[in-house]
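Here is the structure we will look at.
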Amino acid sequence: SDSVRVDPGTLRGAAGQTGAVAHAALPHTDQVQPCAPDHVSVAASSRFSAAVSLARRYTAIANALAQRYGVMVQTRAA
C-alpha cells in the first residue's frame with residue numbers, strides 16, 4: 001500500500017514563508033500598467049492583469065481549503 005509521509009515542521013516552515021511573502025506583496029495590485037500607449041502593450045497589460053486577478057482568486061480558494069483542512073492534515077501527519 002502506498003502512503004504519503006508529511007513532515008509537520010516542513011509544512012509549518014512553508015506556511016511561514018508563504019505568509020511572509022503575502023504580507024510583503026502590495027494589496028489590490030491586479031492592474032498591470034502598460035509600458036507604452038500602443039495597442040500591443042495595452043493588450044498585453046490587459047491580459048496579464050486578468051491572469052493576476054485569476055491567480056489571486058485561485059490563491060484565495062487554496063488558502064481557504066488549506067485553512068479548512070489544515071487541522072486534519074496536522075493531526076494525521078503525526
Side-chain angles (χ1 to χ4, degrees):
S1 129
D2 292 334
S3 65
V4 176
R5 301 249 181 228
V6 177
D7 178 23
T10 302
L11 288 177
R12 280 190 289 278
Q17 289 176 348
T18 303
V21 170
H23 289 296
L26 296 174
H28 309 294
T29 55
D30 290 354
Q31 182 62 38
V32 177
Q33 297 298 323
C35 61
D38 65 295
H39 176 71
V40 173
S41 296
V42 171
S45 168
S46 178
R47 285 191 306 272
F48 191 63
S49 293
V52 169
S53 181
L54 187 61
R56 280 187 182 273
R57 278 191 240 137
Y58 284 152
T59 299
I61 292 168
N63 286 341
L65 286 172
Q67 193 171 31
R68 178 183 291 167
Y69 294 108
V71 174
M72 185 175 69
V73 170
Q74 229 175 15
T75 57
R76 293 178 186 252

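Residues that satisfy the side-chain contact (heavy atoms from CB on, under 4.5 Å) test with A64, not counting sequence neighbours, are absent from this structure. Scored by the side chain to side chain donor-acceptor pair (under 3.5 Å) test, S53 finds R57 as partners (sequence neighbours excluded). For the side-chain contact (heavy atoms from CB on, under 4.5 Å) test, residues two or more places apart in sequence or in another chain that qualify with S49 are Q31, V32, S45.
P34 and S41 get closest at one heavy-atom pair: CB-O, 3.7 Å.
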